[in-house]
Structure formats: C-alpha cells, structure tokens
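Presented below is the structure to which this report refers.
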Amino acid sequence: MNLAVSGLAALAVVLAAFAVGVGKGLHRVVDVAWGLGFAAVAVTTYALSAGHGDPVRRALVTVLTVVWGVRLAAHIAWRGRGHGEDPRYEKLLSRARGSRTWYALRTVYLLQWAIMWFVSLPVQVAQYDADPPTWWLAPGAALWAVGLFFEAVGDAQLVRFTADPANRGKVLDTGLWRYTRHPNYFGDACVWWGLWLLAAASGWAGAATVLSPLLMTWLLAAKSGKPLLEAGLLRRRPGYREYIERTSGFVPRPPRRR
C-alpha cells in the first residue's frame, strides 16, 4: 500500500494552486484545489492498486471520489468569479509576521494538504482490498448519494437565491435550507461517511480509518465550516438569529415551532 505517492499527487495539486494564488494575489483558489486534490488521490491510488485490489471496489471508490471532488471544485470556481480575497484568508494572513506569501503556504496550503491526505485514507485503503465486494458497498454508495444530493441541490438553491437582487440581505429558509442551515456541509459529511463504509467493508484496516470522516465532520460542523460562516451571517443578516432558533444547525429535521 503506497500512501506516500498518493500524498505527493495531492501535494502537486496544492502547490499548483499556490502558484496560481500567488500570481493572482488571491489565495481563495486553494478551495478549488480541495476537491481536485481528493480526485488526484483517488486516481493515483487506482493506478497504484492495480493488481492488488478488487477491480469493482477500486472503480467504485475512484468514480465516487472524482465525481464529488470535481463537482465541488467546479462549483467553487464558478461561485468565486469576479470576487476578491475570501475574508477568512484575509483575516488569517493579517497575522503574518514577515512574508504573507510563505505564511500562506504554511498555514493555508500545506495545512489543507495534510488534512486532505488524512481525510482521504478511506479512499486509499479501500482500493487495496482484494476481497470480492460485499453487501456493505450498497449502504456506502447510498449514503454517498444522499450526501451528494444535499450538497449539490443545496448549493444550487443558494446560487439561485443569491442571484436574485430582491433577496439581498434576506435569509434562505426554503428547500433543503428549511430543514438544515447547512445542507451542503451535511451532504459533504455524508459523502465521506459513505466512502468510509466502502473502506470498512475491507476489514479492520478500512474500519480503522474512521478518524478520517470524524475529522471532516468536526471541521464542517464545529471548526472551520459552520461556526466561521455563521459568525459573518449574524453580522450581515438581521433575520439570521431567528433562522438559527427554528432551524437545525447540521442534521436535517423539521423546523422548530416558535
């Protein structure tokens, strides 16, 4: 099992994004590299595991990871057109002592690369399992599909909402956003729990990668995703506090009655 080479593939994507970010003066491009890095890991592992892992499992894990990663990268790239630096990175880079460029490389790009490699462990381990596929592949693929639905549909609903000038300053509370304040983050977590189930079907080595989806879920729900985003929305949108009071913060459920 060659985990180092897969890590180098992800690093190549991140360093390419760093070069683009420095050239454009916009380090938000690292968010585009996030999904593409996972896709690179999946494709690289698929090539490396040839002759070692079961062909069906290898193909399934690779396709699911690439579809998720490329869709996410394309969405983030399209959404960021014409925008300046992401306020999160602007705030982070304001703490730099000395060169902001090298500070960005260490604290933004290389950190995301390390997280990317660790989170992708289920994808890597699953592809080296030589045992024939079991029924575990079905719930794993189903959970991945639920996650992609929430992520893609949630993103599309938000794009449509924000494109209408009449909604400026308003809060999206219809569609999937009626049941969770972050359908895209919830979907992202489901995708990685689904991929972990595909790895868990390979035995103890796959099951041991459970820390990967746990880390992804923690980042989305409690660290760099939901908390940072909501802190800004509370300042910018007067109705957001009421939205919080009636709507689940992560796992979808019917709105609370006021």
Hydrophobic clustering (ILVMFWY, side-chain heavy atoms < 4.5 Å, transitive) - are Tyr46 and Val41 grouped together? no
Starting from Leu121, can I reach Leu8 by hopping between I/L/V/M/F/W/Y residues whose side chains sit under 4.5 Å apart? yes
Does a side chain donor of either Glu151 or His75 reach within less than 3.5 Å of an acceptor in the other side chain? no
Nearest heavy atoms of Trp196 and Ala207, plus distance in Å: NE1-O, 3.3 Å
Walk me through it: do Leu64 and Leu148 pass the test side-chain contact (heavy atoms from CB on, under 4.5 Å)? CA-CA 10 Å; Leu64 296 187; Leu148 188 69; over 6 Å; no
Heavy atoms only: give me the nearest Val13-Gly37 pair and the separation to one decimal. CG1-N, 3.8 Å
Return yes if a side-chain donor-acceptor contact under 3.5 Å exists between Ser49 and Arg58, otherwise no. yes
At their closest point, which heavy atom of Pro238 faces which heavy atom of Gly169, and how far apart are they? CD-O, 4.2 Å
Check this for me: does any side-chain nitrogen of one of Asp31 and Arg79 sit under 4.0 Å from a carboxylate oxygen of the other? no
Assert yes or no for the condition that the ring centre distance of Trp34 to Phe38 is strictly below 6.0 Å. yes
Heavy-atom check, side chain of His27 versus side chain of Glu85, under 4.5 Å: yes
Going through the distances and angles, do Asp173 and Arg181 end up as a side-chain contact (heavy atoms from CB on, under 4.5 Å)? CA-CA 8 Å; Asp173 61 356; Arg181 303 198 298 273; over 6 Å; no
Step by step, would you call Lys223 with Lys226 a side-chain contact (heavy atoms from CB on, under 4.5 Å)? CA-CA 7 Å; Lys223 184 61 176 176; Lys226 174 175 169 281; over 6 Å; no
Quick one, Trp78 with Val159, criterion side-chain contact (heavy atoms from CB on, under 4.5 Å). Give me CA distance, side-chain angles, the key distance, then yes/no. CA-CA 10 Å; Trp78 183 85; Val159 166; 3.5 Å; yes
Applying side-chain hydrogen bond (donor to acceptor under 3.5 Å, both in side chains) to Ser6 and Thr44, what does each step give before you reach the verdict? CA-CA 6 Å; Ser6 301; Thr44 301; 5.7 Å; no
Distance check, rounded to the nearest 0.5 Å: Ser212 atom OG versus Met116 atom CE? 13.5 Å
Checking Arg28 against Glu90 for the salt bridge (Lys or Arg N to Asp or Glu O under 4.0 Å) test, could you report, in this order, the C-alpha distance in whole Å, the side-chain angles of both residues, the deciding distance, and whether it holds? CA-CA 9 Å; Arg28 68 185 304 153; Glu90 191 63 48; over 6 Å; no
Does Pro255 offer a backbone N or O that forms a donor-acceptor pair with the side chain of Arg246 under 3.5 Å? no
Hydrophobic clustering (ILVMFWY, side-chain heavy atoms < 4.5 Å, transitive) - are Tyr89 and Leu228 grouped together? no
If only side-chain N and O atoms count, and only distance matters, is there a donor-acceptor pair under 3.5 Å linking Thr180 with Ser248? no
Got Cys190 and Phe150 here, is their nearest side-chain heavy-atom distance under 4.5 Å? no
Do Val5 and Leu48 have side chains that get closer than 4.5 Å, going by heavy atoms? yes
Would you kindly confirm whether Val56 and Trp136 end up in one hydrophobic cluster when ILVMFWY residues are joined by side chain heavy atoms under 4.5 Å apart? no
Counting C-beta onward and ignoring hydrogens, is there a side-chain heavy-atom pair between Tyr128 and Thr45 closer than 4.5 Å? yes
So with a 6.0 Å cut-off around CZ of Arg168, is the heavy-atom count from everything else above 12? no
Less than 4.5 Å apart, any side-chain heavy atom of Trp144 and any of Val67? yes
Quick check against the 3.5 Å criterion: does Gln157 have a side-chain atom that pairs as donor or acceptor with the backbone of Leu176? yes
When you check the side-chain N and O atoms of Tyr240 and Glu230, is any donor under 3.5 Å from an acceptor? yes
Quick check on ring pair (Phe, Tyr, Trp, His ring centres under 6.0 Å): which of Tyr109, Trp113, Tyr103 does Phe18 satisfy it with? Tyr109
Note, Leu111 side chain near Arg106 side chain (heavy atom, < 4.5 Å): no
Side chains of Leu3 and Trp117, heavy atoms from C-beta outward: is any pair under 4.5 Å? yes
Spacing of Arg100 atom CZ and Leu93 atom CG [to the nearest 0.5 Å]: 5.0 Å
Note: Pro213 and Thr209 closest approach over all heavy atoms is CD-O, 3.2 Å
Starting from Trp135, can I reach Leu143 by hopping between I/L/V/M/F/W/Y residues whose side chains sit under 4.5 Å apart? yes
If I take atom OG1 from residue Thr107 and atom CG from residue Leu92, how far apart are they, to the nearest 0.5 angstrom? 4.5 Å
Nearest non-hydrogen partners of Ala199 and Ala126, listed with the distance: CA-CB, 3.7 Å
Does Arg71 come within less than 4.0 Å of Asp155, counting only side-chain N to carboxylate O? yes
Ring centres of Trp68 and Trp192 under 6.0 Å apart? yes
When rounded to the nearest 0.5 Å, the distance separating CG of Asp164 from CG of Leu172 is 11.5 Å
Heavy atoms of Asp131 and Asp54 approach each other most closely as O-CB, 3.4 Å
Interatomic distance, Leu233 atom CG to Arg236 atom CZ [nearest 0.5 angstrom]: 5.0 Å
How about OH on Tyr179, more than 12 heavy atoms from neighbouring residues, nucleotides or ligands closer than 6.0 Å, or not? no
Does Arg57 reach the side chain of Asp129, with side-chain heavy atoms less than 4.5 Å apart? yes
Distance alone, cut at 3.5 Å: any donor-acceptor contact between the side chains of Thr247 and Trp177? no
Got a second to check how far Leu11's CG is from Leu110's CG, nearest 0.5 Å? 7.0 Å
